[in-house]
Amino acid sequence: MRWDVVSWAAIALLLFAAEALAPGAFMLWMGFAAVAVFLGVLLIPGIPLLAQVATFIVLSFVSIQIYRQWFRGNARQSDKPLLNRRAEQLIGLVAPLDQAIVGGRGRVKLGDAYWVVQGPDLPAGTAVRVIAVDGMTLKVQEA
């Protein structure tokens with residue numbers, strides 16, 4: 001039994017299994033590099049261990065770069081880019097201040113939620129427009 005062939009097959013399978021448990025495509029491409037080294041040592045006996053490891057490292061680097069350039073860069077753009085960015089969805093909305101802005105901070109009700117707002121001092125009831133978001137704080141200006 002050739003231990004180098006068995007070892008590279010086991011490494012490839014372990015990398016594929018690890019990718020299945022923690023998806024992200026990183027280990028998948030290293031698994032492809034391990035398969036290439038496996039095929040190399042299977043077809044060409046007597047390759048020194050150092051050359052096998054060096055080949056694996058180089059192929060891993062190259063395959064990950066191929067993934068990053070071609071596959072990850074061509075990801076489909078979402079038709080709803082703000083889907084999980086609730087605060088950013090509010091930019092442009094106009095609503096009356098629920099609580100006056102004093103010292104640069106106040107409160108507004110948008111939908112069923114109250115939001116902390118930041119902007120120039122204004123009395124309660126003044127219509128304000130959301131112009132930006134800073135974390136969970138809405139930046140507003142008088143509408």
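Checked against side-chain hydrogen bond (donor to acceptor under 3.5 Å, both in side chains), Arg107 has the following partners two or more places apart in sequence or in another chain: Asp98. Contacts of Ala127 classified as side chain to side chain contact (heavy atoms under 4.5 Å, CB included), with partners at least two apart in sequence or in another chain: Val94, Ala143. Judged as a side chain to side chain contact (heavy atoms under 4.5 Å, CB included), and not counting sequence neighbours, the contacts of Glu88 are Leu82, Arg85, Val133. Qualifying salt bridge (Lys or Arg N to Asp or Glu O under 4.0 Å) partners for Arg105, counting only residues two or more places apart in sequence or in other chains: none. Residues meeting the side chain to side chain contact (heavy atoms under 4.5 Å, CB included) test with Val102, sequence neighbours left out: Ala100. With sequence neighbours excluded, the residues that form a side chain to side chain contact (heavy atoms under 4.5 Å, CB included) with Ala9 are Phe38.
When all heavy atoms are compared, the tightest approach of Phe16 to Leu28 is CE2-O, 3.5 Å. Across all their heavy atoms, Pro45 and Arg2 have their closest contact at CA-NH2, 3.5 Å. Taking both residues in full, the closest heavy atoms of Pro96 and Gly125 are given as CB-O, 3.8 Å, listed atom of the first, atom of the second, then distance. Scanning all heavy atoms of the two residues, the minimum distance from Pro123 to Leu97 falls at O-CD1, 3.5 Å. The shortest heavy-atom contact between Leu59 and Ala36 is CD1-CB, 3.7 Å. Closest of all the heavy-atom pairs between Val117 and Thr137 is C-CG2, 4.3 Å.
Taking Ile, Leu, Val, Met, Phe, Trp and Tyr as hydrophobic and joining them when side-chain heavy atoms fall under 4.5 Å apart, one finds Leu14 isolated, its cluster having no other members. Its side chain outside the 4.5 Å cluster rule for every partner, Tyr114 clusters with none of the Ile, Leu, Val, Met, Phe, Trp and Tyr residues. Leu21 belongs to no hydrophobic cluster, as no Ile, Leu, Val, Met, Phe, Trp or Tyr side chain comes under 4.5 Å of its own.
Within the model, atoms CD of Gln141 and CG of Leu122 stand 10.0 Å from one another, a figure rounded to the nearest 0.5 Å. Expressed to the nearest 0.5 Å, how far CG of Leu90 lies from CG of Leu110 amounts to 5.5 Å. Remark: Ile47 CD1 to Asp4 CG distance equals 8.0 Å, nearest 0.5 Å. The structure places CD of Gln118 at 9.5 Å from CD1 of Ile131, a figure rounded to the nearest 0.5 Å. Taking CD1 of Ile44 as the reference point, atom CG of Leu39 lies at 10.5 Å (rounded to 0.5 Å).
With contacts defined as side-chain heavy-atom distances shorter than 4.5 Å, the pair Met30/Ser63 does not qualify. Contact annotation: the side chain of Ile11 never approaches that of Val37 to less than 4.5 Å [non-hydrogen atoms, C-beta and beyond].
Applying the side chain to side chain donor-acceptor pair (under 3.5 Å) definition to pairs two or more places apart or across chains, those involving residues 5-32 are Trp8-Gln52. Pairs of residues two or more places apart, or lying in two chains, that qualify as salt bridge (charged side-chain N to carboxylate O under 4.0 Å, His left out) and include a residue from residues 112-128 are Arg86-Asp112. Applying the salt bridge (charged side-chain N to carboxylate O under 4.0 Å, His left out) test to pairs two or more places apart or on separate chains, none has a residue in residues 134-143.
By the rule that hydrophobic residues join a cluster once side-chain heavy atoms approach within less than 4.5 Å of another member, Phe61 and Leu50 end up as members of separate clusters. Linking Ile, Leu, Val, Met, Phe, Trp and Tyr residues whenever their side-chain heavy atoms come within less than 4.5 Å leaves Leu13 and Trp3 in two separate clusters. Note on Ile66: it clusters hydrophobically with Val58, by side-chain heavy-atom contacts below 4.5 Å among ILVMFWY residues.
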(Q) What verdict does the side chain to side chain contact (heavy atoms under 4.5 Å, CB included) test give for Val140 and Ile101, after you've listed the backbone C-alpha separation in whole Å, the side-chain angles of each residue and the deciding distance to 0.1 Å? (A) CA-CA 10 Å; Val140 297; Ile101 299 178; 3.7 Å; yes
